[in-house]
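To keep things clear, I will list the structure first and then write my remarks on it.
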Amino acid sequence: MEQTRGKVACVGGGLIGRAWALVFARAGYEVVVFDQDRATAEAARAFAEAMLPALAEEDLIEGQAPEQVLNRVTLADDLPQALSGALHVQESTPEKLEVKQAVFAELDRLAEPDAVLASSTSALLPSAFTEGLKGQGRCLVAHPINPPYLVPAAELVPAPWTDPSTMESCQHFMEACGMAPIVMQRELDGFVMNRMQGALLEEAFRLVEQGYASVEDVDVGIREGLALRWSFMGPFETIDLNAPGGVRDYAERYAGIYDRIHPSTLKRANWTGSTMDRIEAERRVRLPQDKLGERQGWRDRRLMALAAHKRRAKRALGD
């Protein structure tokens with residue numbers, strides 16, 4: 001039998017849970033998926049089976065055979081079986097506070113004493129569902145961008161009582177799985193990525209709502225403009241390279257532009273009513289409702305190609 005790096009439990013086999021299972025199995029861990037709905041768990045393994053050949057084509061499973069990775073993904077009949085021997089537990093259950101509270105109480109009771117308990121939540125603070133747990137020091141949020149097997153960034157968010165050793169352990173584990181952890185110093189609504197994405201979306205809605213640009217023009221500005229740099233550089237490195245003297249020089253040159261813009265950004269954009277009617281209508285012209293699933297598949301294949309390109313570019317040109 002193939003030697004694995006240890007056992008990981010994926011609790012919840014839906015959209016995010018199934019993607020995490022691929023991440024961990026690709027990295028050489030034995031992955032056990034448990035979901036209260038057995039059909040969901042079975043679908044998670046079927047998803048891995050369906051995606052692995054395409055990942056292999058793009059050289060995104062580290063030279064392994066698809067069946068080799070798939071064989072590391074098994075299903076558990078119950079939660080204790082899933083948690084037994086697991087060094088890391090990744091919870092991906094529904095985004096409801098009462099569900100997270102109940103699940104984490106069970107995870108804390110049943111998991112191995114030294115197992116890290118991580119939630120995939122994108123909207124709930126870890127303090128909201130880990131307070132009072134006996135093992136609250138080993139609990140945190142590990143929130144990915146979907147799908148994590150193609151997008152490596154993952155936010156590690158501590159509750160006020162999360163032990164620093166838990167953060168360090170989870171960081172090293174995620175790095176071993178090929179992820180790029182964002183290690184937050186303390187919890188904050190929206191974490192890092194949703195706050196950054198939210199700022200961009202707010203301005204996108206505002207530009208359309210106030211009649212300055214069409215939906216497609218805004219998308220072009222990101223897709224064919226800013227995102228080309230952002231696909232391999234963050235905003236601070238971008239501005240550091242966009243002025244002769246670096247980041248301070250950029251701020252001194254261009255802060256005035258943002259001073260003028262700022263007052264117009266203080267009022268929330270309208271994400272409902274006639275604004276949403278216009279945005280939805282423009283999107284449905286470009287992509288009919290019944291083609292959304294097909295386009296999502298296209299998105300994932302493009303992400304695979306981009307991930308493969310970034311790997312090749314990193315080897316050739318450096319990080």
[Y] versus [X], side-chain donor and acceptor atoms under 3.5 Å:
X	Y	result
D37	T40	yes
E91	T93	yes
Q136	T130	no
T121	E95	yes
S274	D277	no

List the atom of [X], the atom of [Y], and the distance in Å for their closest heavy-atom pair.
X	Y	answer
D300	P147	OD1-CG, 4.1 Å
S127	E187	OG-OE2, 2.6 Å
P94	K100	O-CE, 3.5 Å
M167	L140	SD-CD1, 3.7 Å

(message) Starting from V99, can I reach L97 by hopping between I/L/V/M/F/W/Y residues whose side chains sit under 4.5 Å apart?
(response)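 Yes, L97 connects to V99 through the hydrophobic network.
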
(request) Verify the cluster assignment for V192 and M174: are they in a single hydrophobic cluster under the rule of side-chain heavy atoms below 4.5 Å apart? (result) yes

Any side-chain to backbone donor/acceptor pair from [X] onto [Y]? Under 3.5 Å, distance only.
X	Y	answer
R5	A176	yes
D78	Q81	yes
Q101	A128	yes
R284	L287	yes
R26	L60	yes
R72	Y29	no

Is the shortest distance from a Lys or Arg side-chain nitrogen in [X] or [Y] to a carboxylate oxygen in the other one below 4.0 Å?
X	Y	value
R299	E294	no
E282	R286	no
E280	R283	no
E209	R206	no

(request) Under the side chain to side chain contact (heavy atoms under 4.5 Å, CB included) rule, what do E131 and W161 come out as? Steps first, then yes or no, please. (result) CA-CA 8 Å; E131 185 174 11; W161 40 77; 3.5 Å; yes

(message) Centre-to-centre under 6.0 Å for Y149 and F24, is that the case here?
(response)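 Centroid distance Y149-F24: not below 6.0 Å, so no.
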
Any [X] side-chain heavy atom under 4.5 Å of [Y] side chain:
X	Y	answer
R45	L70	yes
W20	M179	yes
L125	F191	yes
E106	L79	yes

(request) For the pair W271 and E202, evaluate side chain to side chain donor-acceptor pair (under 3.5 Å) and give the outcome as yes or no after the intermediate values. (result) CA-CA 9 Å; W271 288 39; E202 184 73 2; 3.0 Å; yes

(message) I need the R301 CZ to L55 CG distance, nearest 0.5 Å.
(response)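 Answer for the CZ-CG pair, R301 versus L55, is 8.5 Å.
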
(message) What's the separation between atom OG1 in T166 and atom CD in Q171, rounded to the nearest 0.5 Å?
(response)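 The distance works out to 12.5 Å.
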
Review item, side-chain donor-acceptor pairs of residues 239-256, under 3.5 Å, at least two apart:
residue, atom, partner, partner atom, Å
D240, OD1, V247, N, 2.7
D249, OD1, R253, NE, 2.9
D249, OD2, G245, N, 2.8
D249, OD2, R253, NE, 3.1
Y250, OH, Y258, OH, 3.3

(request) Not counting sequence neighbours, which residues clear salt bridge (Lys or Arg N to Asp or Glu O under 4.0 Å) with D108? List them please. (result) R138

(request) Step through the shown structure and confirm whether more than 12 heavy atoms of other residues, nucleotides or ligands are within 6.0 Å of CD on E42. (result) yes

(request) Determine the sole option in I279, V218, N270 for which the side-chain contact (heavy atoms from CB on, under 4.5 Å) test with F205 is passed. (result)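 With F205 as partner, side-chain contact (heavy atoms from CB on, under 4.5 Å) holds for just one option, I279.
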
(request) Please assess V33 against V31 for the test side chain to side chain contact (heavy atoms under 4.5 Å, CB included), listing each intermediate value before the final yes or no. (result) CA-CA 6 Å; V33 180; V31 181; 4.3 Å; yes

(request) Scan for side-chain hydrogen bond (donor to acceptor under 3.5 Å, both in side chains) pairs involving residues 47-63, sequence neighbours excluded, and state none if there are none. (result)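 Qualifying pairs, neighbours excluded: E62-R311.
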
